Protein chains: 2
Amino acid sequence: MSLIFSRQCEYALQAVLYLALKSHNEMTSIKELTKRLDIPYHFLAKILQDLTRKGLLSSLKGPTGGFGLGMPAKDITLFHIVEAIDGVDFMHSCVMGFPECTGKNPCAVHEKWANLRDGVYTMLVSKNIAEMAKNMRKPEYQSA
Amino acid sequence: MSLIFSRQCEYALQAVLYLALKSHNEMTSIKELTKRLDIPYHFLAKILQDLTRKGLLSSLKGPTGGFGLGMPAKDITLFHIVEAIDGVDFMHSCVMGFPECTGKNPCAVHEKWANLRDGVYTMLVSKNIAEMAKNMRKPEYQSA
DNA sequence: GAATATTCAGATATTTTAGTCTTAATATAG
DNA sequence: CTATATTAAGACTAAAATATCTGAATATTC
């Protein structure tokens, strides 16, 4: 089996989206995230630290510490998160894995995949996470 | 990084498509496939055996032996191959990995992903490999 | 029947991804 | 200043995916 994004990346998307629901400057602990999202604690910790190093999140130690967005929610799209965790090789590689597949030398589904891939790109960039958070009343998160 | 199909599955798609170019009843050795497609010999062998067990290919031992399609090329789609190797969980799972994501309780990109996923399905079933082979003059295969 | 070319089956090895554990650093509250 | 709650960092383990190896089975040709 194989998904379009790695598990790490899925967790990252979920976590950042959760943080986008919070008010600016409010810090959220790994403990809360792990409970609400049902993600293994230490694994999530590593992902959040990674996103922090890359500037998408900010963090603060100590009691009242935790993680928050590293920039305004309106400046973050899902694409930024995918880019940071999985990279975006899927944007320019053949869906059947042919190394030589190009516009000049296309595989049997080259064009169709190109369209779909553009659709994925659009899906990832067309809304920022502030807009997403607005239309989202935490349906997917486990109650506290 | 993460691709939509596993490497195994990519190799399977490539191999079956290559076999579809051959005339009915012609057997092709792993050696030829491995050379033309640049896939590790023993890894490809395992994949072909798997596809044979599942009926998509047929095989014959001995000199003049090898692999061929297990049913008429017009009855095989890319979907069959993906189904056999990776499975098709991606057809009904949330792209962000939310376990509870459903139509009633959708994630932020539920609808968009549903459309794209249907597009992928269409891409995989709309042509059989006989049609594909017809319009394909082996551009993606390394010369012998 | 012997030699050879192939697939078959299963064990092993390697690499990547996923997940865990432990200790240190740091901020807060009292 | 001390106790405590947090993140940071890195080592470690586990599982899955990818790849390799070896010997057996089988079909063909001579």
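Every value quoted in this text rests on a predicted model; they were computed, and no experiment measured them.
- Atom-to-atom, CZ of F67(B) to C1' of dA27(D) comes out at 14 Å; the value is rounded to the nearest Å.
- Heavy atoms of K46(A) sit under 4.0 angstrom from at least one base atom.
- The CG-P distance, from L44(B) to dT20(D), rounds to 12 Å in whole Å.
- Side-chain proximity of K61(B) to the nucleotides dA18(C), dT6(D), dA27(D) is greatest for dA27(D).
- There is a side-chain donor-acceptor pair under 3.5 Å between S6(B) and D86(B).
- Among the atoms of the strands shown, only primed sugar atoms or phosphate atoms (P, OP1, OP2) are found under 4.0 Å from some heavy atom of I30(B).
- Heavy atoms of L60(B) sit under 4.0 angstrom from primed sugar atoms or phosphate atoms, though from no base atom.
- Counting any heavy atom pair closer than 4.0 Å across all strands shown, Y41(A) reaches a base atom.
- Nearer the 5' end of DNA chain D, as judged by each residue's closest nucleotide, is the contact made by Q8(B), out of P63(B) and Q8(B).
- Defined by atom type and a distance below 3.5 Å, a donor-acceptor pair is present between the side-chain atoms of K112(A) and S126(B).
- Side-chain nitrogen and oxygen atoms of T52(B) include none within less than 4.0 Å of the OP1 or OP2 phosphate oxygen of dT7(C).
- Taking 4.0 angstrom as the limit, R53(B) places none of its side-chain polar atoms (N or O) nearer than this to OP1 or OP2 of dC8(C).
- At a cut-off of 3.5 Å, with distance as the only test, no side-chain donor of S29(B) or E32(B) sits close to an acceptor on the other residue.
- Following rounding to the nearest Å, L3(B) (CG) and dT17(C) (C1') show an atom-to-atom distance of 14 Å.
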